[in-house]
Structure formats: structure tokens, C-alpha cells
Asks: 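Below is the structure I would like to discuss, written out as C-alpha cells.
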Amino acid sequence: MRSGLRYLMCSPTHYEVDYIINPWMEGNVHRSSREEAARQWEGLHKILDELADVQLVEPAPGWPDMVFTANAGLVLDKNVVLSRFFHPERQGEEPHFREWFEAQGYVVCELPTKIAFEGAGDALLDREGRWLWAGYGFRSSLESHPYLAKYLDIEVLSLRLVDERFYHLDTCFCPLSDGYLLYYPPAFDDTSNRLIESRVSPDKRLVVGEVDAVNFACNAVNVERTVIVNQVTPGLAARLASCNFAVRETPLSEFLKAGGAAKCLTLRLTEPRTVEMPQVQVATRNVEMQGHLLDSALMTEVIDLILKGGASFQILDFKVGQRRQDTSYTRLQVTAPTAETLESVLTQLIDRGAVLAEEAVRDAELQAATQDGVAPQDFFVTSIYPTEVRLGGRWVVVAHQRMDGAIVVEPETGTARCALLRDIKAGERVVTGVEGIRTRHQKALPDREREEFSFMASGVSSERRVELVVEQVAWQLRRLRTQGGKAVVVAGPVVIHTGGGAHLANLIREGYVQALLGGNAIAVHDIEQAFHGTSLGVDLQRGVVIQGGHRHHLKTINLIRRCGSIAAAVEQGVLHSGIFYECVKAGVPFSLAGSIRDDGPLPDTEMDLIQAQTDYARLIEGADLILMLSSMLHSIGVGNMTPAGVKLVCVDINPAVVTKLADRGSVESVGVVTDVGLFLSLLVRQLHYLDH
Ligand code: NAD
């Protein structure tokens, strides 16, 4: 019995796989049989004709995909939003479909030229008429969704497609009568899956597996309680039957070669609309960026971030710098399905130096903390880059910049500072959201030969570059010593095991180091060496294990504990040499942070980690250069609290550690994969060479 519904189809007279615009077409160019395709199309037409009124549009030669009428446009009542095909290969279909709709008396709505939208292939009405599900990610752009909401006066729910085999929403998603939904969740990102789950109750969700998905089970035509489909597994057929749906299979293999099946071959012209719902628009903001966007690959990074973050973009303006030293400028429109997604993407863009476009710039939003040690949930998380916030129409530099903090504002003084969560007090005003915040993120041009730290291009140096790095670090250390700058060393016990202790002691004695950061181990091993000539019981001169030598370690700890502190041991004439001896003698401050591995610990080791972090931060303040020597734990800690602009040199034998530490996206960090003992000996030799 006929349902009274109307559908549009187009005979496959000119159908063929002529080009490749989706993964299904690969390997199938000119491999489909026109006779078989015609037979299969007739089969579908016959079934649909029994159930509904099928109208036909004249196929146009040269447009082989016109057979897929789902992509003609999206119809609701007497309105049609015409498709704007993403690929030029299909754009020639547009006038033919427009002509048909106009001849039928439809009100034809057309999207702005740059906004792609592929009709009912990417926009499916809930069968109860409550809202429109709209897909984006491969063909239709997210920017088309607000237009759909406006033209059709309906709520639009945006779903992001992530598997290119399911490039149109109707390839993996099929709303059915009575609020049921047939769909393949892996084709969507997490946010979209959550949205689907929030709108469709579990008993109405018919999840299909990959086998049904690749047989286009979701590309089904649903006419009341009938589901017309290429093929389904017996399991899915049984589940559909248990929900009172009769499955009618009809082979469509020739069309699968082009990435389409039953639903793609039809366009429903009578769509339900039973409930008036408020429109929901997607969230959009414009951002601007200036810098070496192309040379430093920042533009690619930003686009990647937008897409991975579940948003989409349009380039509104792009001015490329003419000469190598010129910067480029871009203005981007970033669109996301929800305000939360947009905010999370914008936060990352701000970290990369983007600014919300001028007309949208407002003062930073402030919220009072309601609890000690807890920020408002929407607080802006800081990065290593110098940050400014807009307060009362004025840009204010955030003091004590570091990553992973919050920004606390004092409205009375108009100042802002980075604060760790634990340091926030109830009542303090904390920056939230993304308004009125900007960072200075200057990515380097590759090969900046004029830069004094020319090797420091955030890269990992290979062995053969070690000597070059040593020369540059030596040059920097001498310069800082002359100018009264500040060099900080972070070091682990490997420095002692590899025979680097004497070299580091030498650097301290000669005034190249202004602060030393480490843990219990480096101090114990250094002092053990001073007392016994061993490190963890190994004779460093001869490289052999000393009988009973492991006791040296604990005897050392015990002796320093008896003295009261390392400084006391020096004053009492107990400790005569080594790194820490030189620190005490030269008045170089040090901080030893405790860990669960520590023996003893030494009286100087700070086992209150919050206090240790505070001590580290105090000693890092104002540093020009930080040398990180073979201590993953402490170096990562230091990296997290160091703002951009401080030169970091990380020396470690493990390339993974070096990459992690050196890859801060800032120009000033460099990694050196080498033995730390060798590095220190070369460094001292180079400094002596320059001095004499
Ligand atoms: P870590 O694992 O954090 O770092 C050691 C780093 O040294 C690694 O990244 C490793 O790749 C690198 N490395 C190894 N050999 C190297 C070489 N020849 N040249 C260059 N790099 C090399 O360990 P850590 O910083 O030594 O110690 C972590 C914590 O444990 C610290 O707090 C430390 O004080 C404590 N600890 C205590 C004791 C003790 O009290 N007895 C002993 C060892 C460690």
C-alpha cells in the first residue's frame, strides 16, 4: 500500500565510475556495468514505487553521479536548500537539480559560494520531525549548518564524520520511524557520539557492526515500517524485525563501486515537521594571527589543531610576507558544533599566538574562586608563552609566567600573575574563558643564521653536532658570567657516574653557575666520591666495583646527617671537594628535591614537594640559560615552570627524553643526545681554551 510519501530518483542512463572522489571509487574507475546498474536501479525503483510516489529528474549527460539524488539538496516543506558540491566533479549537477526544483514550485535557497553542502546526503531529518541531524568533516562544511537552521527554521545537530569510508552522513546514519536510529558509531567523533546518545534513548539506538556498515546497511530508505537496503546480516535483520521493521533487500553492488546505495539513490521530498523547536546555531569566532606562519609551519599546526579539536575553519584573509624576514597575516573563521568545543580550540590557538579578532575583543572574564586551592572550572590554563590579559580596555602583562597555572587578577592594582592552583585563595579573581587573552608565540624561522644561538631551533642535535653545541654553550656561559647573567644547572646522579662531577665542580668554582637544582642522589653520589672516591660503590678512577663499596653510600649519608647539613660539613672541615663543596664555598644556592627513591635522605633534601617546587621556582626566577644534565625527573619539573624566552639546553643519552624536553615549540630550546660526562668534559675544555 502506498504511503503518500514522495521521492525523487534519477535513472542511471549516464551512470559510471568516472573519477575518484571517495575511497569506494578507488580501483573501480570504468569498472561498473551500466546494464547491471540499470537492472539494480530498476529493482530499487520498483520496490519504492510500491510504497510511495516516485518522481524522476532527467539525467544529464556528463554528470555520472546525478543518479545519487540524495545530494540534489535538502527539502523541507516547500523549501529546498540546494547542494553546493565540494568536488568540482559534481558541481555541474547543481543547475540541473535547481531547474527541477524550480519547475516544481519549490522555494530554492542557495548557500554562499564558498560553503559546501551536499544535500540530504549530509542532512537527515529526525523521522519525528523534531530536528535535523547534519554531518560535516568530509564534504559539507560546518559553516553550512547555521544557514540550514535559518533557511529551514529547524534545530540543527552537528555530527562530525571521522572515517573517510563514511564520507556522507547517510552512509553511516539512518533515522527510522518511531524515533529509532540505525547507525555506525565509529564513523563519528566522541562529541558527536555523546550528542547522539543524549538525543536517542538506548532502546531506540540500533548500532550496526563494521560488516553491515561496509555493506551500506545504514544507507537505507525507510518508508514507514519498511527498510529498503542493499544487504544486511541476519543478526541486523532480526533486530530490525524485533522493532517491527520489515527489511527489503535489493542488490545495489554496482552503485557501491561509487560509494552509494539505496538512500543515496533517492531524495525524500515529503519530510515530517511535527514540533517547532528553537534553532541552535553552531559557535563561531574569528581569530587573527601574525608571524612566520608558513616558514615555521605554524599555519599547518594551527589548521591541524582546529580539525583535531572537532572544529572547522574558513580562511577569510591571508597575506603572505614577500621577503624572508617579513611576517604573514591570516584571519580565520573557526566554527565548532558547541560553545565548549570552540572554547577548547580557541584556547589552543591563543597558546599559538592567535588573537580573537579585533571587533570581538573584550576584557578578560573574571570569576572569583570559591575555595582555597581551587580555580573556577572554566579557568584559562597558562602556557610557557608571555601572556597578556585585557583589563579595563588595557592589555596587562601576566607576571611570573609559567605553564599549567591560572591567571589571578588584582582589580585594585590592575595587575595579573600566574598562580598554581594550590596557591589560589578563595575570593581571588581568576581569568576564565578565552576573551581578552593573548600570548606572544614567536616561532623561529628555520636556519636563523643571525641568531646567536643558531643551533637552537627546537631540534634534537645528533652526535656530530655535539661539539658545535658545546662551543655555543661555552660562549653563552662566558657571556653571562661577564654580564652578570644567570645560568642554572639541573643535574642528576649520572653526572657523577660518568665522571662529570669534577667538570661540574670546575664550572661552579669558576663562576659559570648561579644556581644548582637536583635531588638527593646527585648530592649523595658527589659527596660519596669526595669521601671515598666511589659512586654507589664503584671506583670512578678505575671503573671497578669496590668490595663492600655499597656501604660508602650509606656511610656518606650518615656522616652528613651527623654534621647537620652539607654546608655544615664544609664548615666543619669534613667535606673538602666536589660539586656541593664548591657550591657552599662560592655561595651558589642549590635545592635538592626529594623523591620516593631516596636513601637517607640528606638533611638538605626537601621532602615536602610543594616546598621543593617553590624553592626550584625561586632559583629559576630570572634565569637566562638552564642546562639540564641527565635527570629526566627534575628537568621535566623545571621545564614546566620555566617561561618561554629562557634558553634551555637538555643533555641526555636517551633521544626520547631530549625530544620531550627540547620540544617546547619555542626557539630557545635545544636537545643534545650524548653522554653527559663527555659533554661536561668538552665544555670545560672549551671554556679553558677561550680563557687562555
Ligand atoms: P631519571 O630517570 O629521572 O633521569 C636519569 C636520566 O639520565 C635519564 O633520562 C637517562 O636517559 C639519563 N642518562 C643515563 N645515562 C646517561 C649518560 N651516560 N649520559 C647522559 N644521560 C644519561 O633519574 P634521576 O634524575 O637520576 O633520579 C630520579 C630521582 O630519584 C631523583 O630525585 C634522585 O635524587 C632519586 N634517586 C635517589 C637515589 C638515592 O637516594 N640513592 C638514587 C638514584 C635516584
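Both ligands and their constituent atoms are indexed starting at 1 by order of listing. Counting begins at 1 with the first residue of the sequence.
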Asks: Residues around ligand 1, heavy atom under 4.0 Å from any ligand atom, sorted by chain and number. Can you pull those?
Replies: Pro493, Val494, Thr498, Gly519, Asn520, Ala521, His553, Ser595, Arg597, Asp598, Asp599, Ser630, Ser631, Met632, Leu633, His634, Asp652, Ile653, Asn654, Val657, Thr674, Asp675, Val676

Asks: For Leu517 and Leu619, which heavy atoms make the closest approach, and how far apart are they?
Replies: CD2-CD1, 3.6 Å

Asks: What pairs meet the salt bridge (charged side-chain N to carboxylate O under 4.0 Å, His left out) rule with one or both residues in residues 676-691, with sequence neighbours excluded?
Replies: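 Applying salt bridge (charged side-chain N to carboxylate O under 4.0 Å, His left out) to every pair that reaches into residues 676-691, excluding sequence neighbours, yields Arg478-Asp691, Arg481-Asp691.
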
Asks: How about Ser535 and His497: does a side-chain donor come under 3.5 Å of a side-chain acceptor?
Replies: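 Yes, His497 and Ser535 have a side-chain donor paired with an acceptor closer than 3.5 Å.
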
Asks: Scan the side chains in residues 575-594 for donor-acceptor partners under 3.5 Å anywhere in the protein, sequence neighbours excluded, and list what turns up.
Replies:
residue : atom : partner : partner atom : Å
His576  : NE2  : Gly573  : O            : 3.0
Glu582  : OE2  : Arg509  : NH1          : 2.7

Asks: State whether Arg285 and Glu435 are salt-bridged, where the test is any N-O pair (Lys NZ or Arg NE/NH1/NH2 against Asp/Glu carboxylate O) under 4.0 Å.
Replies: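 Yes, Arg285 and Glu435 are salt-bridged.
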
Asks: Please list all pairs passing the salt bridge (charged side-chain N to carboxylate O under 4.0 Å, His left out) test where one or both residues lie in residues 618-645, with sequence neighbours left out.
Replies: Asp615-Arg618

